[in-house]
Amino acid sequence: MTGVQTCALPILKQYDILSKRLDETLKVLDDIQQRDDNLYRVMMNAEPIAHQTRRASMINKNRYEGLLNLEDAPLVVSATQKMDLLARQVYIQSNSFDEIVDLVKTQEDRLSRVPAIQPVLNKDLKRTASGYGWRMDPIYQTAKFHEGMDFSADIGTPVFATGNGVVLKSGWQRGYGETIEIDHGYGYKTVYAHLSKRIARAGLRVKRGDVIGHVGNTGKSTGPHLHYEVHLNGRHKNPMHYYFLDLNPEEYDQMIQLSSNHGQVMD
Ligand SMILES: [Zn+2]
């Protein structure tokens, strides 16, 4: 009996360490899944994978019955369950990437048109931008849905077309000031507002990365910035999910933080 006792403690500890490492790995995988649903699958026009599908266990509970007689059964069962969950999620994620690779092969034209870069370079950003969602209106001090993303930058900073397309409108719009709208096809449209100068005229074909205008402070605006919108099939989308071509993982994390910034909407 004493022999078992002396062994039991290190094994217990070992399981504890294993369990913590599994938690960490599951967290990393969760981040990969977020990217998959919000970046890669959005980019390829594929539906996000349901949470239940990603997590659902293929295994019935009886599976763990054989472990229940063990000493420290709860710890062993818990670690085994985590391991099963990890295996399940990795399997689903791997299938998702296979699907995306197939989609990429058949959708080159669509890919060149989807808005997929930031409209203003990171190096030109003055301070935090403001994200999409419910925000305080800077002028009326009431809650209002911010339908785009604000990039604070100096007047004259170049503004880029974020995907190939045709300029739909180029002119003054109420509230938006000097504004350019690009039709990208496949249901996508982007809007660039408060410009100081419009370069692209209506009807012009543009490519991703072409300079279409300059950052300004025209229309209803509290300071020099670009207000940028992404529309899909007539509905506003969170632009944050459309910067996949020029962000590395660290920049993506920064962008998520920027995008959740509530205080600095410039309209
Ligand atoms: Zn705005």
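When a ligand or atom number is given, it counts from 1 through the structure's own listing order. Reckoned from all heavy atoms, side chains included, excluding hydrogens, waters and symmetry mates.
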Check for me, please, whether F160 and L168 land in the same ILVMFWY cluster - side-chain distances under 4.5 Å, paths through other members count.
no
Any ion pair linking D31 and K27 (charged N to carboxylate O, less than 4.0 Å)?
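Salt bridge: no.
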Report the atom name of the nearest N/O/S atom of D150 relative to the Zn ion (ligand 1).
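Nearest N/O/S atom of D150: OD1.
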Relative to the Zn ion (ligand 1), which of the N, O or S atoms in H227 is the closest?
ND1
Decide yes or no on side chain to side chain contact (heavy atoms under 4.5 Å, CB included) for R88 and T53, but give the supporting numbers first.
CA-CA 9 Å; R88 162 75 178 175; T53 310; 4.3 Å; yes
Any N, O or S atom of H146 closer than 2.8 Å to the Zn ion (ligand 1):
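It does: H146 brings an N, O or S atom closer than 2.8 Å to the Zn ion (ligand 1).
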Has the side chain of S112 got a donor or acceptor atom that lies under 3.5 Å from a matching backbone atom of D109?
yes
